Number of protein chains: 2
Amino acid sequence: MARRYDPGRRQRIIDAAAAVVRARGIAGLSHRAVAAEADVPLGSTTYHFATLDDLLVAVLRQINAEWLADVERWAEGVDPETEPADELARWLGELLTGERARLELEYELYFAALRHEAARPLAAECLDEMGRILTRIVPDAATARAVVALIDGLTLQALLTDRPYDPEGARTALARIIGGSGHSGA
Amino acid sequence: MARRYDPGRRQRIIDAAAAVVRARGIAGLSHRAVAAEADVPLGSTTYHFATLDDLLVAVLRQINAEWLADVERWAEGVDPETEPADELARWLGELLTGERARLELEYELYFAALRHEAARPLAAECLDEMGRILTRIVPDAATARAVVALIDGLTLQALLTDRPYDPEGARTALARIIGGSGHSGA
DNA sequence: CAACGATGCGTACGAGCGTACACAACTCGC
DNA sequence: GCGAGTTGTGTACGCTCGTACGCATCGTTG
């Protein structure tokens, strides 16, 4: 039977599940697919995560945490001297060109929340946390919420259509929402 | 065997499929579920739609068309004297309180486009058409695109979290994006 | 009214799925 | 070093699914 001593297998299963979701979407998440990806027997995934929902929540939690950590890291590197709209528009551009897969993963979470009661709090936490981080960059909390909404909408447009991202249009819209000294473009 | 003469069955199958998607989401769409909902035998659904993807596309096309017709109807009833931001914010509020199910259905389409190549053009068409309609209400096309993004983001926030819709916040953000004579609130 | 294509019906097959469960192999406290 | 609890393994059951296919029945065209 060749049983393997494998501490941290639980984490490896989560990582494998994330890979499965990335490749096939949440609809493609299954005990068997994860077991194959993690190179562990089927029984092992069902041992660590009794039900598929448990596994789903664990994966979404991890994806969410990684994403928020990324956002946090980005926010720390923002130059307080430049216009927030410029920084945001540039950041969006980088994400959409270089990390499409990561973004798709995060939006997979959003949509899971639409149907899965269990994922609802995670999506809410993500939105709140994004707002909290942005509050350090834009004037106030209400503005931050609006910026989150606009960013989500713009990202969705770029992800759903294969149209190229329009940095100038994004910058203008962000500047208008943020207000302040933003030179609001044509 | 009691065969029934049933012209327009194809349409009834599409309607049933829409009901299934509304109730269980795209993940719950299956030939069998649709057949049961439409009260036709299994073979009938596979005759009219050889593959499940065909059925999915037909449903999404219909959902999309109905949605856009609704938007069109709303746009025609907009009073050109009042502020666009006010009208938009009020409309959003009505949708979110009274027609949550319809909205969820439309966003289900968005979600499908993320993974299903076949649904991509439909999502793109929806975004374009929304922009086209809004161009009659806001100053220019670029602004219309930004408004669509903001609306999508706000809707997503309201649908994903169970937080109540904030009409005043929405109105303020919309007014800023639209610009013009919008009294941009506090 | 005959023949033919379009449409409707029932069933069957093979695959993938979640889950349960019995048993094996290990770690760790004593 | 030994017993108990934890972790790993293999397999099996029952279900749903997409799809294919043979046959029945209808409208239509000639």
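All values below were derived from every heavy atom in this structure, side-chain atoms included, with hydrogens, water molecules and symmetry-related copies excluded. Please read these numbers as outputs of a predicted model, since none were measured by experiment. Naming: A, B, ... by sequence-line order, numbering from 1 per chain.
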| query | With respect to the phosphate group of D:dT9, does any side-chain polar atom (N or O) of A:Arg9 fall under 4.0 Å of OP1 or OP2? | reply | yes
Would you mind checking if A:Arg171 and A:Glu83 are paired as a salt bridge, meaning a charged N to carboxylate O distance below 4.0 Å? no
Regarding the side chain of B:Tyr47, the nearest nucleotide among C:dC21, C:dT7, C:dG18 is C:dT7
Atom CG of A:Leu52 and atom P of C:dC17 are separated, to the nearest Å, by 10 Å
Strictly below 4.0 Å: does A:His31 bring a side-chain N or O up to OP1 or OP2 of C:dG16?
no
Between CG of A:Asp54 and C1' of C:dG18 the distance, given in whole Å, is 13 Å
Using the 3.5 Å cut-off, write out each protein N or O paired with an N or O of nucleotides 12-16 of chain D and the distance between them.
none

B:Glu125 meets the salt bridge (charged side-chain N to carboxylate O under 4.0 Å, His left out) criterion, sequence neighbours left out, with none
Whole-Å distance, A:His48 NE2 to C:dT19 P, equals 16 Å
Looking for any heavy atom pair under 4.0 Å, which part of the strands does A:Leu55 touch: base, sugar-phosphate only, or nothing?
-> nothing
- Message: Salt bridge or not between A:Glu108 and A:Arg24? Use side-chain N to carboxylate O under 4.0 Å.
- Response: no
Side chains of A:Leu154 and A:Leu96, heavy atoms from C-beta outward: is any pair under 4.5 Å? no
Mind checking whether B:Val71 and B:Glu129 have side chains closer than 4.5 Å, heavy atoms only?
-> no
Whole-Å distance, A:Phe49 CZ to C:dA20 C1', equals 18 Å
- Item | Pair A:Glu76 + A:Arg73: basic N to acidic O under 4.0 Å | no
Atom CG of A:Leu29 and atom P of C:dG16 are separated, to the nearest Å, by 17 Å
